[in-house]
A.B. asks: 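One structure is given below, represented as structure tokens, and several questions about it will come after.
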Amino acid sequence: MAMNGTENVLLAEDDVFAPTGDKAVEPHLEGIRVKEELMLNADGLEGISLRYGLFYGAGGTEAVVEMLRKRQLPVVNEHGRVLPWINLTDAGAAVALAVAGGKPGAAYNIVDDAPLSFSGHVRLVAETFGTPKPFTLPAWMMRPMSYAYRMTQADMRVSNAKAKAEHSVGSPATHPARTACVPWPPTSRYRTLI
């Protein structure tokens, strides 16, 4: 359910992909749209598009942990805005399942069951890895950190129903609807490595 005025909308594969409107990110979104259109509409190519949420997990969370340790990553109050997430292990499994059994020409949303705000994710990483708690700033103070600012202002609830229904692409995640997207169960050994 993406906030659009006062209306909540759950984004599915049939909805407009990477819609226009935000000039700050339009070049990035246009690149995403063009790549998907070229691949899905190429003659002689049976392509499948996997639309991932934000990555986390081993290989995707270490930079956040390091920034938290150095107290370099603040959070904001996001007023209920959330984003789709996907564990890197589940993302890799989705690729293998899509290659083996996905429908050519189809797009699939590969996201966890539970969305979570960017700040909520950062707070969970801090708690999971025992780093200092991130400090909270007013949202306007995040503007110089353009990527982080955009992530704190975005609200995108994405359906994974199609991928889950066609188990050929979205078998039940190994990290389903964790308590609000816990960044995978790190072992004490792993915690000491990063």
Side-chain angles (χ1 to χ4, degrees), residues 1-3 8-19 25 28-29 31-33 35-36 39-40 47-68 73 75 78 80-103 106-129 147-148 150-187 190 194:
M1 298 177 189
M3 294 301 284
N8 290 329
V9 178
L10 186 61
L11 299 174
E13 290 83 355
D14 295 334
D15 293 319
V16 174
F17 180 56
V25 295
H28 175 70
L29 295 178
I32 292 172
R33 281 191 304 272
K35 285 180 188 179
E36 181 173 275
M39 184 270 306
L40 291 177
I48 297 170
S49 178
L50 301 181
R51 300 172 179 171
Y52 295 105
L54 296 164
F55 293 122
Y56 70 92
T61 302
E62 294 83 352
V64 172
V65 172
E66 190 58 32
M67 290 177 77
L68 286 166
L73 187 58
V75 296
E78 291 162 304
R81 292 184 290 266
V82 296
L83 296 166
W85 296 85
I86 186 69
N87 186 283
L88 282 162
T89 302
D90 294 337
V95 171
L97 290 167
V99 168
K103 293 180 183 171
Y108 298 94
N109 293 330
I110 308 300
V111 299
D112 288 338
D113 293 332
L116 183 66
S117 70
F118 186 77
S119 292
H121 176 75
V122 171
R123 287 183 184 105
L124 229 64
V125 171
E127 180 183 323
T128 301
F129 287 93
Y147 178 77
R150 289 283 176 218
M151 292 297 97
T152 64
Q153 299 306 298
D155 187 38
M156 188 178 355
R157 290 170 170 88
V158 178
S159 171
N160 61 8
K162 178 179 176 182
K164 288 175 84 173
E166 296 181 23
H167 288 282
S168 59
V169 176
S171 67
T174 57
H175 302 88
R178 293 158 299 305
T179 308
C181 195
V182 172
W184 90 94
T187 64
Y190 186 79
I194 59 171

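For the numbers below, each heavy atom of this structure counts, side chains included, while hydrogens, waters and symmetry mates do not. We number each residue from 1, following the sequence as shown.
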A.B. asks: How far apart are the closest heavy atoms of Ser49 and Leu40, and which atoms are they?
C.D. replies: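 That closest heavy-atom pairing would be N-CD2, 4.1 Å.
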A.B. asks: With a 4.5 Å cut-off on side-chain heavy atoms, are Leu73 and Val64 touching?
C.D. replies: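 Contact flag for Val64/Leu73 side chains = yes.
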A.B. asks: Output the distance between atom CE (Met151) and atom OG (Ser117), rounded to the nearest 0.5 Å.
C.D. replies: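 If I round to the nearest 0.5 Å, the distance is 12.0 Å.
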A.B. asks: Between Arg51 and Ile32, is there a side-chain heavy-atom distance shorter than 4.5 Å?
C.D. replies: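 No - every pair of side-chain heavy atoms lies 4.5 Å or more apart.
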A.B. asks: I need the minimum non-hydrogen distance between Gly60 and Leu88, along with the two atoms involved.
C.D. replies: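 In terms of heavy atoms, the two residues are closest at N-CD1, 3.5 Å.
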A.B. asks: The test is side chain to side chain contact (heavy atoms under 4.5 Å, CB included); show your working for Tyr52 and Asp90 and say whether it passes.
C.D. replies: CA-CA 10 Å; Tyr52 295 105; Asp90 294 337; over 6 Å; no
A.B. asks: Compare every heavy atom of Ala107 with every heavy atom of Glu13, then report the nearest pair and how far apart it is.
C.D. replies: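 Reported closest heavy-atom pair: CG-O, 3.1 Å.
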A.B. asks: Supply the atom-to-atom distance Thr128 OG1 to His121 NE2, rounded to the nearest 0.5 angstrom.
C.D. replies: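 Spacing of OG1 (Thr128) from NE2 (His121) equals 9.0 Å.
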A.B. asks: Between Met156 and Leu11, is there a side-chain heavy-atom distance shorter than 4.5 Å?
C.D. replies: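 Leu11 reaches Met156 side chain to side chain.
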A.B. asks: If you look at every heavy atom in Val75 and Ser119, which pair is closest and at what distance?
C.D. replies: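 Answer, listing the atom of Val75 first, then Ser119: CB-OG, 3.4 Å.
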A.B. asks: Decide, yes or no, whether a salt bridge links Asp14 with Lys162 under the criterion of side-chain N to carboxylate O below 4.0 Å.
C.D. replies: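 Here Asp14 does not pair with Lys162 in a salt bridge, since their nearest N and O are not under 4.0 Å apart.
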A.B. asks: Rounded to the nearest 0.5 Å, what separation is found between the CD atom of Glu36 and the CD1 atom of Ile48?
C.D. replies: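 Result: 12.0 Å between the selected atoms.
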A.B. asks: Does any part of the side chain of Val122, heavy atoms only, come nearer than 4.5 Å to the side chain of Leu68, both counted from C-beta?
C.D. replies: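 Yes. Closest side-chain heavy atoms under 4.5 Å.
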A.B. asks: Work out which heavy atom in Ala163 is nearest to a heavy atom in Tyr108; give both atom names and the distance.
C.D. replies: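 Here Ala163 and Tyr108 meet closest at CA-CD2, 4.0 Å.
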A.B. asks: Are Trp85 and Leu83 packed together at the side-chain level, in the sense that at least one heavy-atom pair is separated by less than 4.5 angstrom?
C.D. replies: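 They are in contact (side-chain heavy atoms under 4.5 Å apart), so the answer is yes.
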A.B. asks: Donor-acceptor check, side chain of Glu62 to backbone of Gly59, threshold 3.5 angstrom: yes or no?
C.D. replies: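 Yes: the side chain of Glu62 pairs with the backbone of Gly59.
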A.B. asks: Side chains of Tyr56 and Asp112: does their closest heavy-atom pair fall under 4.5 Å?
C.D. replies: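 Yes, at least one pair of side-chain atoms sits under 4.5 Å.
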A.B. asks: Of Val158, Val82, Leu54, Asp155, which meets side chain to side chain contact (heavy atoms under 4.5 Å, CB included) against Pro115?
C.D. replies: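 Only one of Val158, Val82, Leu54, Asp155 forms a side chain to side chain contact (heavy atoms under 4.5 Å, CB included) with Pro115, namely Val82.
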A.B. asks: So, the side chain of Asn160 versus the backbone of Ile110: is there a donor-acceptor pair under 3.5 Å, distance only?
C.D. replies: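 No, Asn160 side chain to Ile110 backbone: no donor-acceptor pair under 3.5 Å.
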